[in-house]
Amino acid sequence: MANNENHLMDSIVSLCKRRGFIFQSSEIYGGLSGFWDYGPLGCELKKNIRESWWRNTVQKREDVVGLDASIIMHPRIWEASGHLAGFADPMVDCLECKKRYKADNLCEEQGQKLIKTDKGFALPEGIKCTACGSKAMTEPKAFNLMFRTFVGPVEDETSVAYLRPETAQAIFAQFSNVLSVSRQKVPFGIAQIGKAFRNEINPRNFTFRSREFEQMELEFFVKPGTDKHWHHYWVEERLKWYHSIGLSADSLEKYVYKKDELAHYASACVDIMFKFPFGLQELEGVAARSDFDLSRHQQFSGKSMEYFDQDTNEKFIPHVVEPSAGVDRIALALLCNAYREEWIPKDESMGGVIEAEPGKPVPENYEARTVLKFSPRIAPFKAAVFPLLKNKPELVEKARKIFDTLNNRWPCFYDHTSAIGRRYRRQDEIGTPYGITIDFQTITDNTVTLRDRDTMKQERISADKLTDKLQELLAD
Ligand code: ATP
């Protein structure tokens, strides 16, 4: 990472902690690598992401229904899915400093490729530990990313179970039940939001690669032969959703898998990538996975996964198109996308706002502000209400009344402490799109000032029109 990007990520991590978006898990005990806790604002942000996805993917459609399955499932599910056998990354340890690496990443970083052998994998000549420089490394060994646990009081091999490494498999395992109760016909989908767990070797980039994270997955079941059409459809649908929550087209990229990069059963896969400060990285994968998953569960469970098409009298195992996204990665992308440091001239005649230069002191006659330019749709609070002074009962009473009315409708924030400028800055920093100030003029003519977070412009409007105005500004 270049210095500027480093500075940017550090500033975002620091704001997340300072303002209560994201804390390190178990921080008072020194933290636990790969685990994160979402504070008061972080959980609002995540809730807004989930709700927007659910509304868009499930509730607004007639052809998708939901599922909320258990995290621990029958271990045969992971045999059928291939996770037990295949969800293993070859790892190497440095014999000197004991640092552990994903073997393929280590080779790639050093311009080489991990060698596949009859027995497994081998490191090419000259690969060294990036931490201490030693060339004394262990042989690459498979390491299963699933967290193991035991069900019941006896801890032996017969009671082993796993925390799910993805939510998708429960959808396949419940395919027949959902189909029989939902009166759906192919093409249709089953969606789920929930926690997933992977014992990632190298959790990094803040929450980007965590060991506990949340997925939003859709399995869209289609007639064999229509995979290409539906795959294309879902890539476009998903991109539209990202735009709707404020990630513009120029912050995203599609990565189209080449034939030799696809899993043997898949016919297409596109990753939706976001330009993070630490590089272009995956937010979501949209894969056409054929009938692989349902066929495997049919084979392993002995239960039919066939679908009978009443219109054509055909029986088939549906193919599936899977858009699979991570809530935490999207939350991080939204934070990175929204984060700005600006210098604001104290006198308007000096010109407009300028972008702050990292590490440089604020120029004379300018004031610094940090702002999260969230789309109103995903901002934790939609508006903040301020009485100009807290010791004037008539202002406070009016402000409380306005706050109660608005807060009844949207999550709002009430703040009467410190100077008004500081209160604006505090809301800017957490991305609240609108600020409403109640001052002495309010008492005489019932107008308030409405301040826009991004332009910092203020307009005076009647307090009676606030709900309609916000409704218009916050509209879908
Ligand atoms: P990567 O290549 O980054 O490990 P993946 O291709 O293994 O990701 P999938 O199995 O396709 O990921 O999972 C779907 C989505 O779940 C990802 O696009 C991502 O948003 C999220 N996800 C996967 N692993 C993690 C993780 N360790 N931490 C946070 N989110 C994750």
Side-chain angles (χ1 to χ4, degrees), residues 19-21 40-41 43-45 47-48 51-52 55 244-246 338 340 342 344-353 366-476:
R19 300 312 312 270
F21 282 95
L41 294 178
C43 59
E44 293 293 331
L45 176 66
K47 180 181 67 61
N48 292 344
E51 278 181 7
S52 171
R55 182 99 192 95
S244 79
I245 59 166
R340 303 276 192 296
E342 295 178 342
I344 307 156
K346 287 187 179 154
D347 176 351
E348 271 189 20
S349 67
M350 290 165 59
V353 171
Y366 279 84
E367 199 191 328
R369 83 157 178 164
T370 302
V371 53
L372 287 180
K373 294 190 173 175
F374 283 141
S375 142
R377 186 177 300 198
I378 56 102
F381 295 113
K382 310 303 178 198
V385 178
F386 315 112
L388 186 64
L389 298 170
K390 70 171 173 192
N391 53 3
K392 295 285 173 212
E394 63 274 40
L395 295 187
V396 170
E397 194 187 324
K398 182 74 184 168
R400 289 289 332 171
K401 223 165 147 189
I402 290 175
F403 171 75
D404 288 342
T405 308
L406 299 179
N407 195 45
N408 212 7
R409 192 81 187 263
W410 303 280
C412 292
F413 192 84
Y414 180 84
D415 187 5
H416 62 209
T417 56
S418 70
I420 192 74
R422 290 192 60 187
R423 282 185 263 171
Y424 286 149
R425 292 288 176 274
R426 281 206 290 262
Q427 294 304 315
D428 288 346
E429 227 188 16
I430 62 170
T432 308
Y434 303 106
I436 295 151
T437 304
I438 288 81
D439 56 17
F440 290 105
Q441 193 180 329
T442 314
I443 309 302
T444 55
D445 67 3
N446 199 35
T447 63
V448 297
T449 62
L450 179 66
R451 174 185 180 268
D452 181 288
R453 173 199 65 200
D454 298 346
T455 61
M456 291 179 284
K457 294 261 177 314
Q458 302 189 19
E459 59 172 313
R460 252 203 120 86
I461 72 161
S462 161
D464 297 337
K465 297 219 170 99
L466 266 177
T467 304
D468 285 351
K469 181 73 181 178
L470 279 183
Q471 166 81 24
E472 178 195 317
L473 292 169
L474 299 169
D476 262 15

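Below, all heavy atoms of this structure are taken into account, side chains as well, without hydrogens, waters or symmetry copies.
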Taking the side chain as every heavy atom from C-beta outward, state whether [X] and [Y] have any atom pair closer than 4.5 Å.
| X | Y | answer |
| --- | --- | --- |
| Trp410 | Leu470 | yes |
| Gln458 | Tyr424 | yes |
| Phe374 | Pro380 | yes |
| Ile436 | Leu406 | yes |
| Lys392 | Pro387 | no |

When rounded to the nearest 0.5 angstrom, what is the spacing between [atom1] in [X] and [atom2] in [Y]?
| X | Y | atom1 | atom2 | result |
| --- | --- | --- | --- | --- |
| Asn446 | Ile438 | CG | CD1 | 10.0 Å |
| Leu389 | Glu394 | CG | CD | 9.5 Å |
| Lys469 | Tyr434 | NZ | OH | 8.5 Å |
| Ser375 | Asn48 | OG | CG | 9.5 Å |
| Asn407 | Tyr414 | CG | OH | 12.5 Å |
| Asp454 | Lys373 | CG | NZ | 5.0 Å |

- Query: Under 6.0 Å from the CD atom of Glu397, do we count more than 12 heavy atoms belonging to anything else shown?
  - Reply: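 Check fails, neighbour count at 12 or below.
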- Arg422 (side chain) donor-acceptor with Thr417 (main chain) under 3.5 angstrom: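 Judged by distance alone, no pair lies under 3.5 Å.
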- Query: Any Lys/Arg nitrogen of Glu44 or Lys47 sitting under 4.0 Å from an Asp/Glu carboxylate oxygen of the other?
  - Reply: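 Here Glu44 pairs with Lys47 in a salt bridge, since their nearest N and O are under 4.0 Å apart.
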- Message: As a quick check of understanding, evaluate side-chain contact (heavy atoms from CB on, under 4.5 Å) for Asp428 and Thr370, giving each step before the final call.
- Response: CA-CA 7 Å; Asp428 288 346; Thr370 302; over 6 Å; no
- side chain to side chain contact (heavy atoms under 4.5 Å, CB included) partner of Glu459, the single match among Thr447, Leu450, Val448: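 That would be Leu450.
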Distance-minimising heavy-atom pair for [X] and [Y]:
| X | Y | answer |
| --- | --- | --- |
| Ile245 | Ser52 | CG2-OG, 3.7 Å |
| Arg453 | Arg369 | O-NH1, 2.9 Å |
| Tyr366 | Pro345 | CD2-N, 3.4 Å |

- Task: Using distance alone, with no hydrogens and no angle criterion, decide if Ser418 and Arg425 have a side-chain donor and acceptor under 3.5 Å apart.
- Result: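 Their side chains do not contain a donor-acceptor pair, so the 3.5 Å distance test is not met.
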- Task: Using side chain to side chain donor-acceptor pair (under 3.5 Å) as the criterion, point out the one residue from Thr437, Asp439, Thr449, Asp445 that pairs with Arg460.
- Result: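 By the side chain to side chain donor-acceptor pair (under 3.5 Å) criterion, Arg460 pairs with just one of Thr437, Asp439, Thr449, Asp445: Asp439.
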- Task: Show your reasoning for whether side-chain contact (heavy atoms from CB on, under 4.5 Å) applies to Leu41 and Phe381.
- Result: CA-CA 9 Å; Leu41 294 178; Phe381 295 113; 3.4 Å; yes
- Step by step, work out the side-chain contact (heavy atoms from CB on, under 4.5 Å) result for Arg409 and Lys382. CA-CA 10 Å; Arg409 192 81 187 263; Lys382 310 303 178 198; over 6 Å; no
- Query: Of all residues at least two apart in sequence or in a different chain, which pass the salt bridge (Lys or Arg N to Asp or Glu O under 4.0 Å) check with Lys401?
  - Reply: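 For Lys401 there are no salt bridge (Lys or Arg N to Asp or Glu O under 4.0 Å) partners, ignoring immediate neighbours.
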- For Asp404 and Arg400, what are the C-alpha separation, side-chain angles and deciding distance, and is it a side-chain contact (heavy atoms from CB on, under 4.5 Å)? CA-CA 6 Å; Asp404 288 342; Arg400 289 289 332 171; 4.0 Å; yes
